[in-house]
Q: 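Have a look at this one before I ask anything.
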Number of protein chains: 2
Amino acid sequence: MAERKRQLVADELRDAALMLLATKGFDAVTVDEIVAAAGMSRRTFFRYFASKEDVVVRFLADMSAGIVAELAARPPAEPPSVALRHAVWVPFAACTDRPDHSERARVVVRLILDTPALQARWLERQIQWRADLAAELAARRGLDPDTDPYPRMAAGMTLLALDTVLRQWQAGDDEQHLAELTDRAFAVVAPALDAPTPSHGAG
Amino acid sequence: MAERKRQLVADELRDAALMLLATKGFDAVTVDEIVAAAGMSRRTFFRYFASKEDVVVRFLADMSAGIVAELAARPPAEPPSVALRHAVWVPFAACTDRPDHSERARVVVRLILDTPALQARWLERQIQWRADLAAELAARRGLDPDTDPYPRMAAGMTLLALDTVLRQWQAGDDEQHLAELTDRAFAVVAPALDAPTPSHGAG
DNA sequence: TATCTCTTGACACTCAGTGCCACCAACGGC
DNA sequence: GCCGTTGGTGGCACTGAGTGTCAAGAGATA
């Protein structure tokens with residue numbers, strides 16, 4: 001009940017912010033304008049979002065929360081490239097299902113890729129995901145995440161594939177090809193993801 | 001002559017900043033403290049550096065400026081993994097040569113990896129490098145950088161290897177193993193870098 | 001010496017983000 | 001119905017980053 005109200009306020013703030021930021025550009029919008037559009041006080045904004053960047057980045061971050069969970073749920077015998085491709089697909093599935101959600105997500109992706117400050121925060125988020133993914137991958141293969149570079153680099157390659165797909169998706173106009181873009185991106189990194197672990201003995 | 005003086009002022013500012021930031025932590029130091037230590041005015045600081053983060057990040061960015069140039073200078077027939085390994089080695093060579101420079105670089109790397117704001121700016125820099133590397137790689141292999149995901153992803157994997165080496169180097173205490181760390185990181189991504197370009201026909 | 005240029009310092013300003021306090025609702029006990 | 005507690009909100013003042021502007025000083029040239 002109180003939780004529902006909090007979510008309502010956060011949504012209101014986020015909607016007003018995304019509307020303004022997408023139309024006027026990130027730097028041209030102040031927090032005062034956002035809260036004026038949402039009919040709330042400046043102080044309230046910063047109770048819900050850590051920064052102006054946070055409003056935009058959280059929209060995608062929430063969307064991508066299930067990646068690690070999906071990886072943990074994949075069968076252990078599955079090759080890394082296949083398991084990771086399925087994990088990355090989780091946030092995309094929501095886009096292919098609902099076109100309205102998809103169009104909004106594309107606007108947000110475009111805004112992030114066009115704004116250096118947002119891109120930086122977006123990558124900052126990815127650092128945490130990469131660590132989580134790396135831990136999960138290390139557990140899957142029984143590797144030591146501190147000495148073996150494979151888990152962290154495999155996680156990095158996965159996020160690299162995600163980034164590549166988002167860039168091509170945002171640049172194009174058809175969203176039907178999301179699956180194909182994902183396949184092609186993972187085809188590039190798959191030889192390294194599925195390589196017979198040449199670095200084990202050297203650790 | 002005037003150029004020399006500018007460089008002198010920038011060095012003074014950078015030294016004072018790195019000293020304070022490394023000892024007190026990034027957030028605990030204000031620009032006013034830095035300029036007080038350097039004996040200059042606040043306004044002058046921002047004429048030489050775009051932001052507080054810029055002082056730290058530029059120290060590594062300058063060090064890494066030669067990567068793309070080295071890649072362009074490698075023989076065209078060389079496999080991508082070998083050429084890129086040589087390119088990444090350029091900034092490391094300066095560290096293995098001069099221990100004093102090396103120790104300072106390690107402090108800066110540690111500071112960046114420990115400070116989210118700095119890490120974000122560091123990644124923001126890497127975005128530009130990745131685009132430059134991708135363009136050079138596309139030219140090398142005659143690929144279209146807009147439709148083929150290989151150049152951008154190969155550049156991303158290279159920076160991923162760089163990041164992995166820096167993380168392990170900063171965590172350990174021996175700098176003699178820089179070459180070995182680099183070899184191991186590139187061994188992970190080499191299968192993808194040197195794969196027989198399976199995505200060509202699909203573009 | 002007059003002038004032109006380049007750099008600096010000083011001041012004022014915008015804006016992000018935070019700490020603090022007073023206010024207002026909902027809720028439970030007497 | 002009156003009370004205290006709890007949680008969210010708005011207002012206010014503050015710090016600190018970053019920018020625009022202008023006047024002053026150093027150095028080179030005619």
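In what follows, chains are A, B, ... by sequence order, proteins preceding strands, each numbered from 1.
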Q: For the pair made of CZ in B:R47 and C1' in C:dA10, what is the distance, rounded to whole Å?
A: 10 Å
Q: Nearest whole Å is fine: how far is D:dG10 C1' from A:D32 CG?
A: 13 Å
Q: How many Å lie between CE on A:M40 and C1' on D:dG10, as a whole number?
A: 13 Å
Q: Any pair with a residue in residues 91-102 of chain B that passes salt bridge (Lys or Arg N to Asp or Glu O under 4.0 Å), sequence neighbours left out, goes on the list, sorted by first then second residue, please.
A: none
Q: Cation over ring, A:R167 on A:W169, under 6.0 Å and within 45°?
A: no
Q: Tell me which nucleotide among D:dG11, D:dG16, C:dG9 gets nearest to the side chain of A:S41.
A: D:dG11
Q: Rounded to the Å, how far apart are A:D54 CG and C:dA16 P?
A: 14 Å
Q: Output the rounded distance in Å from CD (A:E53) to P (C:dA16).
A: 10 Å
Q: When you measure from the side-chain N and O atoms of B:Y48 to the phosphate of C:dT7, is any distance below 4.0 Å, counting only OP1 and OP2?
A: no
Q: Closest approach to the side chain of A:K52, judged atom by atom: which nucleotide of D:dG10, D:dG18, C:dA16 is it?
A: C:dA16
Q: Does any N or O donor sit under 3.5 Å from an N or O acceptor when you compare the side chain of A:R42 with the base of C:dG17?
A: yes
Q: For DNA chain C, what residues of residues 110-126 of chain B have any heavy atom nearer than 4.0 Å?
A: none
Q: Salt bridge between A:D54 and A:R14, side-chain N to carboxylate O under 4.0 Å?
A: no
Q: Which class fits the ring pair B:H101 and B:F59: parallel under 30°, tilted 30 to 60°, perpendicular over 60°?
A: parallel
Q: For the pair made of CG in A:L21 and C1' in C:dC15, what is the distance, rounded to whole Å?
A: 15 Å
Q: Over how many whole Å does the gap from B:R6 atom CZ to C:dT7 atom C1' extend?
A: 8 Å
Q: Which atoms form the tightest heavy-atom contact between B:A155 and B:A134, and what is the distance?
A: CB-N, 3.7 Å
Q: Could you tell me how far apart B:K5 (NZ) and C:dT7 (P) are, to the nearest whole angstrom?
A: 10 Å
Q: When you get a sec, tell me which of D:dG11, C:dT7, C:dG17 is the closest nucleotide to the side chain of A:R43?
A: D:dG11
Q: Please state whether the phosphate of C:dG9, meaning OP1 or OP2, lies under 4.0 angstrom from any side-chain nitrogen or oxygen of B:T44.
A: yes
Q: Would you give the length of the straight line joining atom CG of A:L21 to atom CD of A:E33, rounded to the nearest 0.5 angstrom?
A: 9.5 Å
Q: Should A:M153 and B:M157 be marked as a side-chain contact (heavy atoms from CB on, under 4.5 Å) after you check the CA-CA gap, both sets of side-chain angles, and the distance that decides it?
A: CA-CA 8 Å; A:M153 297 190 71; B:M157 285 186 275; over 6 Å; no
